[in-house]
Amino acid sequence: MRQTVFTPSGDRVGAVGFGAMGMSWVYDRHGLTERQKHEVLHLAVDLGMNFVDTAVLYGGGANEELVGAALGARRDEVFLCSKTGLRAASLEPPRTERCGRPEEVRRSAEDSLRRLRTDVVDLYYLHRVDPGVPLEETWGAMGELVRAGKVRHVGLSEVSTEQADRAHAIHPVAAIQSEYSLWTRNPDGSGPTSDGDPSGDVISWCAGRGAVFVPFSPLGRGYLAGTLAGRTFSAADFRSRNPRFTPEAMAANEDTVLGPLREVARRHGVSPAAVAIAWTTVRGEHVLPIPGTTDPVHLREDAAAAELRLADEDLELLDGVVATGDRY
């Protein structure tokens with residue numbers, strides 16, 4: 001796979017990373033065994049998708065344990081990323097709560113190291129800003145983790161440029177992770193964050209400060225891969241309650257969203273998933289998407305996005321995509 005540079009450290013990583021969340025949290029997993037999960041994680045690293053992302057939240061720690069068990073013996077091959085500040089208040093149905101107190105950050109980091117079977121995490125994000133705790137206090141504790149050698153770099157998730165500025169003044173922000181895809185474009189300055197605050201152009205903010213921008217859900221929670229036609233979701237699956245995954249919205253987006261993706265995919269002889277992922281990287285070399293899947297075939301399609309170069313005519317068609325249904 002084509003490699004890119006994690007700018008703050010100079011580490012070379014795959015230009016497309018891997019998001020492990022779906023193996024343990026909010027999506028239907030259809031009886032996937034632990035062995036199968038391990039095999040997918042190993043294949044991701046074998047394909048060069050060695051920027052591996054997990055979080056304390058996913059499965060109440062289960063996803064960190066999975067990643068640690070599967071990849072612990074290959075630790076030197078993996079740029080390991082996790083997150084704190086958001087935890088599971090309930091697993092079924094999935095429900096979250098924010099926890100940004102400094103003592104929670106410190107305790108959570110120790111738990112992450114234990115579950116991930118490592119002495120240090122390469123990138124540790126504040127998963128969400130806790131409105132009940134001053135950002136400066138939470139971020140100060142994140143910076144302490146770097147100074148203590150527990151983590152190498154710290155990042156933010158789903159924040160505005162104003163929040164990023166406040167954090168960066170205390171300790172360097174190495175990366176910002178936000179949802180970004182053809183049908184969710186908030187981080188490029190075209191919409192609000194999930195909290196209703198204007199995000200500003202977070203992608204450009206990162207470029208201007210030598211930080212990496214990490215799009216999660218670059219495949220629109222699976223829809224942009226074009227493989228969900230006729231699919232129904234269990235009550236345990238987040239998408240069963242998402243406005244974009246109602247039968248009416250999925251049918252409406254078939255032509256307006258999937259149509260252009262499939263046309264560009266045909267031009268290049270790749271999957272719609274590869275096109276959707278490649279589109280997120282057009283904003284710069286500092287953009288490092290983290291698609292996730294439990295299917296080895298889909299994983300190889302996702303990895304192919306690293307080599308895909310979209311032409312101006314492709315971008316003109318894709319940039320005009322407008323989705324039916326709200327993000328949440």
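Please read these numbers as outputs of a predicted model, since none were measured by experiment. As a basis for the values below, the full set of heavy atoms in this structure was taken, side chains included, without hydrogen atoms, waters or symmetry mates.
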Is there a donor-acceptor contact under 3.5 Å linking the side chains of [X] and [Y]?
| X | Y | value |
| --- | --- | --- |
| S157 | R128 | yes |
| D11 | S9 | yes |
| T118 | R75 | yes |
| N186 | E158 | no |

Could you report the tightest heavy-atom contact between [X] and [Y], atom names first, then the distance?
| X | Y | value |
| --- | --- | --- |
| A305 | A274 | CB-O, 3.4 Å |
| L288 | V16 | CD2-C, 4.2 Å |
| L219 | P291 | CD1-CB, 4.3 Å |
| I176 | A164 | CD1-CB, 3.9 Å |
| G222 | T227 | O-OG1, 4.5 Å |
| T256 | V322 | OG1-O, 3.8 Å |

(message) For the OG atom of S271 and the CD atom of E301, what is their distance to the nearest 0.5 Å?
(response) 4.0 Å
(request) Calculate, to the nearest 0.5 Å, the distance between atoms CD1 and CG belonging to I170 and L135 respectively. (result) 6.5 Å
With the threshold set at 4.0 Å, does a side-chain nitrogen-carboxylate oxygen contact exist between [X] and [Y]?
| X | Y | answer |
| --- | --- | --- |
| R267 | D314 | yes |
| D111 | R114 | yes |
| R35 | E39 | yes |
| E104 | R87 | yes |
| E110 | R106 | no |
| E34 | K37 | yes |

I'd like to check [X] versus [Y] (side-chain heavy atoms, cut-off strictly below 4.5 Å). Are they in contact?
| X | Y | result |
| --- | --- | --- |
| L308 | L310 | yes |
| L228 | M250 | yes |
| F216 | D53 | no |
| P289 | P215 | yes |
| I203 | H286 | yes |
| C81 | Y125 | yes |
| V154 | V173 | no |
| L299 | V40 | yes |

For residues 54-67, which side-chain donor-acceptor pairs fall under 3.5 Å, sequence neighbours excluded?
| unit_1 | atom_1 | unit_2 | atom_2 | d |
| --- | --- | --- | --- | --- |
| T54 | OG1 | N63 | OD1 | 2.7 |
| Y58 | OH | K83 | NZ | 3.1 |
| N63 | ND2 | A20 | O | 2.9 |
| N63 | ND2 | S24 | OG | 2.8 |
| E64 | OE1 | S112 | OG | 3.4 |
| E64 | OE1 | R115 | NE | 2.8 |
| E64 | OE1 | R115 | NH2 | 2.9 |
| E64 | OE2 | S82 | OG | 2.5 |
| E64 | OE2 | S112 | OG | 2.8 |

(request) For the pair E162 and R166, evaluate side-chain contact (heavy atoms from CB on, under 4.5 Å) and give the outcome as yes or no after the intermediate values. (result) CA-CA 6 Å; E162 184 272 337; R166 287 165 57 193; 2.8 Å; yes
Determine, using the 4.5 Å side-chain heavy-atom cutoff (strictly less than), whether [X] and [Y] are members of one ILVMFWY cluster.
| X | Y | value |
| --- | --- | --- |
| L80 | L123 | no |
| V151 | V13 | no |
| V270 | L317 | yes |
| V5 | I290 | no |

(request) Kindly say whether the aromatic ring centers of F238 and Y27 come within a distance under 6.0 Å. (result)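 Ring centres of Y27 and F238 not closer than 6.0 Å.
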(message) Ring centroids only, cut at 6.0 angstrom: are H168 and W205 within range, meaning strictly under it?
(response) yes
(request) For a side chain to side chain donor-acceptor pair (under 3.5 Å) with R244, tell me which candidate from N253, T184, T324 qualifies. (result) T184
(message) Under the criterion side-chain contact (heavy atoms from CB on, under 4.5 Å), I'd like the reasoning laid out for R239 against R221: C-alpha separation, chi angles, the key distance, then a yes or no.
(response) CA-CA 8 Å; R239 293 169 292 188; R221 306 185 187 279; 4.3 Å; yes
Hey, does the side chain of [X] reach the backbone of [Y] with a donor-acceptor pair shorter than 3.5 angstrom?
| X | Y | answer |
| --- | --- | --- |
| R241 | A235 | yes |
| S217 | G220 | no |
| D28 | S234 | yes |
| R2 | E307 | no |
| R98 | V129 | yes |
| K150 | V121 | no |

N/O donor-acceptor pairs under 3.5 Å from side chains in residues 45-52, not counting sequence neighbours:
| unit_1 | atom_1 | unit_2 | atom_2 | d |
| --- | --- | --- | --- | --- |
| D46 | OD1 | R74 | NH1 | 3.1 |
| D46 | OD1 | R74 | NH2 | 2.8 |
| N50 | OD1 | G14 | N | 2.9 |
| N50 | ND2 | E77 | O | 3.3 |

(request) Give a yes or no on whether E316 atom CD has more than 12 heavy-atom contacts from other residues, nucleotides or ligands under 6.0 Å away. (result)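 Not more than 12 within 6.0 Å, no.
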(message) Once side-chain hydrogen bond (donor to acceptor under 3.5 Å, both in side chains) is applied, do any residues pair with Y223, and if so which ones, sequence neighbours excluded?
(response)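 Testing Y223 for side-chain hydrogen bond (donor to acceptor under 3.5 Å, both in side chains), a comparison that skips the adjacent residues, returns none.
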(request) Please step through side-chain contact (heavy atoms from CB on, under 4.5 Å) for the pair H153 and Y124, ending with a clear verdict. (result) CA-CA 6 Å; H153 306 280; Y124 207 49; over 6 Å; no
(message) What verdict does the side-chain contact (heavy atoms from CB on, under 4.5 Å) test give for L43 and R300, after you've listed the backbone C-alpha separation in whole Å, the side-chain angles of each residue and the deciding distance to 0.1 Å?
(response) CA-CA 9 Å; L43 179 58; R300 293 182 184 278; 3.6 Å; yes
